[in-house]
Protein chains: 2
Amino acid sequence: MIQSLTDLDREHLQEALNKSGQKVTSQREAVFTVLLAERDHPTVDEVFNRAREVMPGLSLATVYNCLETFVGCGLVRQVNHERESTRYCPNLSPHAHFRDKETGRVHDIELPPEVIKSLRAILPPGFDSEIIEISFQGRAQAKDNSAN
Amino acid sequence: MIQSLTDLDREHLQEALNKSGQKVTSQREAVFTVLLAERDHPTVDEVFNRAREVMPGLSLATVYNCLETFVGCGLVRQVNHERESTRYCPNLSPHAHFRDKETGRVHDIELPPEVIKSLRAILPPGFDSEIIEISFQGRAQAKDNSAN
DNA sequence: GTGAGACTTTGAATCATTCTAATTAGTCAA
DNA sequence: TTGACTAATTAGAATGATTCAAAGTCTCAC
Ligand SMILES: [Mn+2]
Ligand SMILES: [Mn+2]
Ligand SMILES: [Zn+2]
Ligand SMILES: [Zn+2]
């Protein structure tokens, strides 16, 4: 089911890795492909299992390494919810996360710039924040799930 | 250094526990006292070490149990930051958390109701959220730290 | 005073993540 | 081609926060 990367995505990967002095490897490409294929915020184990289908020799440690590398060069974001396993998200636009209590699924919620601004505005003087994480928890109506 | 609870706080503890059919014990009182004494979002280990000063026989498991009980009856909130140890916060007013990258300290940031409203407003139809967690990360100017 | 149930304690188990050491693969110079 | 150098990958051990299981203690209603 996992197609390969589009030229654009491959370029994106290559550029981000090169920019931080790292190389494109077949493992990194496989892991990145998995992340882009199904944007459902998979855990490391889920990435591992999906990537193994196309690259049977891949090791779990390498999946950890690849994901850490990607986070380091800004290709993906980590998503933590309470103490559950870390999930990974290749959506680079500013967004919050919504976790469906019932299904455990994590959905992206676009964050309009004015909301971000109003959040920064509540910081007292002297507080300077680069990163804001917002996570909702509740129920999301089923809707579809086929594409995406 | 750890005084005991004010009558008001003891009442608060008693009421919340009773409401969920649980008892006030000396361990629970000690742990709650520690949480109120220094509102610096301590980890379980920090709570454990502080509480042991006044109750040497206290066990780590009991600290876990007490804190879980408090969270369950709404007396305290858990505060998670990435995969670090969970911290605990007895501030019940709606607030976000600011983590100082440099010191690791966690500060409370009051959340005005209109900001909460504007956040709920970005949820697409069908998404219904009870809980919103907001955490900032960055630097906070030293300021004091004597009291509080 | 007894018994039941709630609570606490100790120490073992879990499990996501990180670490270590050993291999492999890629790159470049000779 | 070969060798050397380096980055990346691998397997498996170690870590560490948290949870679990079993046994002991306390409290309170009877
Ligand atoms: Mn859903
Ligand atoms: Mn500070
Ligand atoms: Zn996302
Ligand atoms: Zn707080």
Side-chain angles (χ1 to χ4, degrees), chain A residues 13-14 16-34 41-52 54-73 75-89 104 106, chain B residues 13-14 16-34 41-52 54-73 75-89 104 106:
Chain A
L13 175 64
Q14 169 139 194
L17 286 172
N18 287 349
K19 205 174 291 181
S20 62
Q22 295 175 290
K23 300 175 184 163
V24 178
T25 64
S26 59
Q27 289 87 348
R28 284 173 180 168
E29 203 170 298
V31 168
F32 194 56
T33 303
V34 163
H41 304 87
T43 62
V44 174
D45 260 313
E46 287 165 344
V47 173
F48 179 47
N49 288 318
R50 293 176 197 175
R52 252 197 310 193
V54 80
M55 180 177 274
L58 182 67
S59 79
L60 179 59
T62 297
V63 175
Y64 272 99
N65 292 339
C66 290
L67 291 169
E68 184 187 33
T69 298
F70 295 163
V71 170
C73 62
L75 281 170
V76 311
R77 272 174 62 179
Q78 279 186 323
V79 179
N80 289 291
H81 184 266
E82 296 180 355
R83 306 229 90 238
E84 291 178 1
S85 311
T86 300
R87 297 175 175 275
Y88 291 85
C89 172
V106 175
Chain B
L13 175 64
Q14 169 140 193
L17 286 171
N18 287 348
K19 206 175 291 182
S20 62
Q22 294 174 291
K23 301 179 182 163
V24 178
T25 65
S26 58
Q27 289 87 347
R28 284 173 180 168
E29 202 170 300
V31 169
F32 194 57
T33 303
V34 163
H41 305 85
T43 62
V44 174
D45 260 313
E46 287 165 344
V47 173
F48 179 47
N49 288 318
R50 293 176 198 174
R52 251 196 312 193
V54 79
M55 181 177 274
L58 182 67
S59 78
L60 179 60
T62 296
V63 176
Y64 273 99
N65 292 338
C66 290
L67 291 170
E68 184 188 33
T69 298
F70 295 163
V71 170
C73 64
L75 280 169
V76 311
R77 271 175 62 180
Q78 278 186 324
V79 180
N80 289 290
H81 184 268
E82 296 179 358
R83 305 229 91 239
E84 292 179 1
S85 311
T86 300
R87 297 177 174 276
Y88 291 85
C89 172
V106 175

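Convention: sequence-line order gives letters A, B, ...; per-chain numbering from 1.
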Original post:
If each of Val44(A) and Gly21(B) is mapped to the nucleotide of DNA chain C with the nearest heavy atom, which maps nearer the 5' terminus, i.e. the 5' end?
Top reply: Gly21(B)

What nucleotide among [options] has an atom nearest to a side-chain atom of [X]?
X: Thr62(A); options: dT10(D), dT18(D), dT9(C); value: dT10(D)
X: Asn65(A); options: dC7(C), dT9(C), dT9(D); value: dT9(D)
X: Ala61(A); options: dC19(C), dT9(D), dA8(D); value: dC19(C)
X: Lys23(B); options: dT27(C), dC7(C), dT10(C); value: dC7(C)

Original post:
Under 4.0 angstrom, heavy atoms only, what part of the nucleic acid is Ser59(B) near: base, sugar-phosphate, or nothing?
Top reply: base

Taking [atom1] from [X] and [atom2] from [N], how many angstroms apart are they, rounded to a whole number?
X: Glu68(A); N: dA8(D); atom1: CD; atom2: P; result: 12 Å
X: Leu67(A); N: dT18(C); atom1: CG; atom2: P; result: 11 Å
X: Glu46(A); N: dT17(C); atom1: CD; atom2: P; result: 11 Å
X: Tyr64(A); N: dG12(D); atom1: OH; atom2: C1'; result: 14 Å
X: Asp45(A); N: dT17(C); atom1: CG; atom2: P; result: 8 Å
X: Arg52(A); N: dT10(D); atom1: CZ; atom2: C1'; result: 14 Å
X: Gln22(B); N: dT8(C); atom1: CD; atom2: P; result: 10 Å
X: Asn80(B); N: dT18(D); atom1: CG; atom2: P; result: 8 Å

Quick one: does any side-chain atom of [X] pair with a main-chain N or O of [Y] as donor and acceptor, under 3.5 Å?
X: Arg52(B); Y: Val47(B); value: no
X: Glu46(A); Y: Thr43(A); value: yes
X: Arg28(A); Y: Lys23(A); value: yes

When you measure from the side-chain N and O atoms of [X] to the phosphate of [N], is any distance below 4.0 Å, counting only OP1 and OP2?
X: Gln27(B); N: dT9(C); answer: yes
X: Arg28(B); N: dC7(C); answer: yes
X: Arg83(A); N: dT18(D); answer: yes
X: Thr86(A); N: dT17(C); answer: yes
X: Thr25(A); N: dG26(C); answer: no

Subject >> Gln27(B) side chain reached by Met55(B) side chain, heavy atoms, under 4.5 Å >> reply: yes

**OP:** Take Tyr88(B) and His41(B) through the side-chain contact (heavy atoms from CB on, under 4.5 Å) test and state the conclusion after the steps.
**Re:** CA-CA 5 Å; Tyr88(B) 291 85; His41(B) 305 85; over 6 Å; no

